Amino acid sequence: MKDNKKDIRALTKEQLRDFFVKNGDKAFRGNQVYEWLWQKSAHTFEDMTNISKETRQMLEDNFVINHIKVDTMQRSNDGTVKNAVRLHDGLIVESVLIPTKTRTTACVSSQVGCSLDCKFCATARLKRMRNLNPDEIFDQVVAIDNESRLYHNRPLSNIVFMGMGEPLMNYNNVIKAIDKITSTDGLAMSPKRITVSTSGVPKMIRKMADDDVKFNLAVSLHSAIDEVRTKIMPFNETFPLKDLKEALEYWYLKTSRKISYEYVVWKGINDKQGDIDAFVKFCKYVPCKVNIIEYNPIDDGEFQQASNDALENYITALEKNRIVVNVRRSRGKDIDAACGQLANKS
Ligand code: SAH
């Protein structure tokens, strides 16, 4: 028995096949185990019923499966479900299931806490503790898929990386997780149904374009004026709008895929005509659509949802310029599951 057993899901399929060959078994056994891990999401070696008892014991002696555990689950009266998920080292992240008439979306976390410092976001108040591993991201999706089948009688249809953390600051692991979620020897979901949301890290947006990723990109913009954006999203000082714009142009050039902008309108912060004009101008750089998100208060007097008139002014100006705009009502507010409310409160 080894003390420091390795997480078996850190191994690639090739490495698993090699492991079996080195231990006098067939490479094919690696495929079987891989299937148990990534298609059937086995929690224990015991579950692998087409593997002999001796082989299961051998796996047990060498590896662990660091599966996440849903610690607490809360259900909102609008059907939203929030999971507080315990990781193998005891840390907690949250993920959310958001059902609508036509789809069920999983909102998953990519980091424990967040390294960014958006002033309006509850998650930003938590220190970034660590990046999530690919399997920890994958497991959140599986847990939500199970809940979707259980409570809504249908499988998960979409995934958004809009939970805790900045996915582009944990790029490699996010990509590995998406690989497992989309590949046919994993969950076989279409990448077109996956959206990665970023506060806007220009270098990483360029990298994603170079890597020819097939999922969608959303950018949390909130202001197209540097001075305003830096005030509410201080890292904008390091990654100013000009750099972001150039990176987004590069993304579109390489992928031909529209970008979504996430945008909250706050009273006295970005609700003036000048803010609207700047945003409309920004929207014209690259084909895009806009999601106006309702503000979810986080016990802070500084930020307040703007008036309906201000929202209407935004919508009118965008539509006049033929930019598609959706207004997203909050979901799961009663259980602190809405955008920007994930802060391990439950
Ligand atoms: N770091 C990534 C992923 C987090 S997504 C990103 O910034 O895109 C979370 C989304 O909710 C972002 O669009 C964020 O700007 C938004 N958000 C954060 N706090 C919010 C709040 N209190 N109310 C509404 N939306 C909020």
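Both counts, for ligands and for their atoms, begin at 1 and track the order of listing. Predicted model only: the values in this text are computed from it and were never measured.
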*asked:* For D334 and S76, which I'm curious about, is there any donor-acceptor pair between the side chains at under 3.5 Å?
replied: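 Distance-only check passes for D334 and S76.
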- Applying the salt bridge (Lys or Arg N to Asp or Glu O under 4.0 Å) test to K254, which of D212, D211, D210 qualifies?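 Of all the options given, the one that passes is D210.
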Among all protein non-hydrogen atoms, which one is nearest to [atom], and what is the separation to 0.1 Å?
atom	answer
atom 23 (N) of ligand 1	N296 N, 3.0 Å
atom 11 (O) of ligand 1	C339 CB, 3.4 Å
atom 18 (C) of ligand 1	G340 CA, 3.4 Å
atom 1 (N) of ligand 1	E166 OE1, 3.0 Å
atom 7 (O) of ligand 1	S199 OG, 2.7 Å
atom 9 (C) of ligand 1	M162 O, 3.6 Å

- Quick one: look at V219 and ligand 1, take heavy-atom pairs under 4.0 Å, and tell me if it's side chain, backbone, both or neither.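 The answer is neither; V219 stays 4.0 Å or more away.
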| said: Restricting to non-hydrogen atoms, name the atom on E262 and the atom on S197 that form the minimum distance, rounded to 0.1 Å. | reply: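 Taking E262 first and S197 second, the nearest heavy atoms are CG-OG, 4.4 Å.
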Q. Would you say L116 and ligand 1 have an N/O pair spaced under 3.5 Å apart?
A.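 Among all N and O atoms of L116, none is under 3.5 Å from an N or O of ligand 1.
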Q: Scan D47, T44, N50 and name whichever one has a side chain to side chain donor-acceptor pair (under 3.5 Å) with W36.
A: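 Going through the options one by one, the only one that passes is N50.
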Please identify which atoms of ligand 1 are closer than 4.0 Å to at least one heavy atom of [X].
X	result
E262	13 (O)
T198	6 (C), 7 (O), 8 (O)
C121	18 (C), 19 (N)

Tell me the nearest of [options] to [atom], using heavy-atom distances.
atom	options	answer
atom 4 (C) of ligand 1	G163, A122, S220, S110	G163
atom 14 (C) of ligand 1	H222, R328, E294	H222
atom 8 (O) of ligand 1	G165, G200, S197, A218	S197

Electrostatic pair [X]:[Y] at N-O distance under 4.0 angstrom:
X	Y	answer
E246	K242	yes
K40	E35	yes
D277	K281	no
K245	E249	yes

- Query: Do the ring centers of F279 and Y263 come within less than 6.0 Å of each other?
  - Reply: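 Yes, the ring centres sit under 6.0 Å apart.
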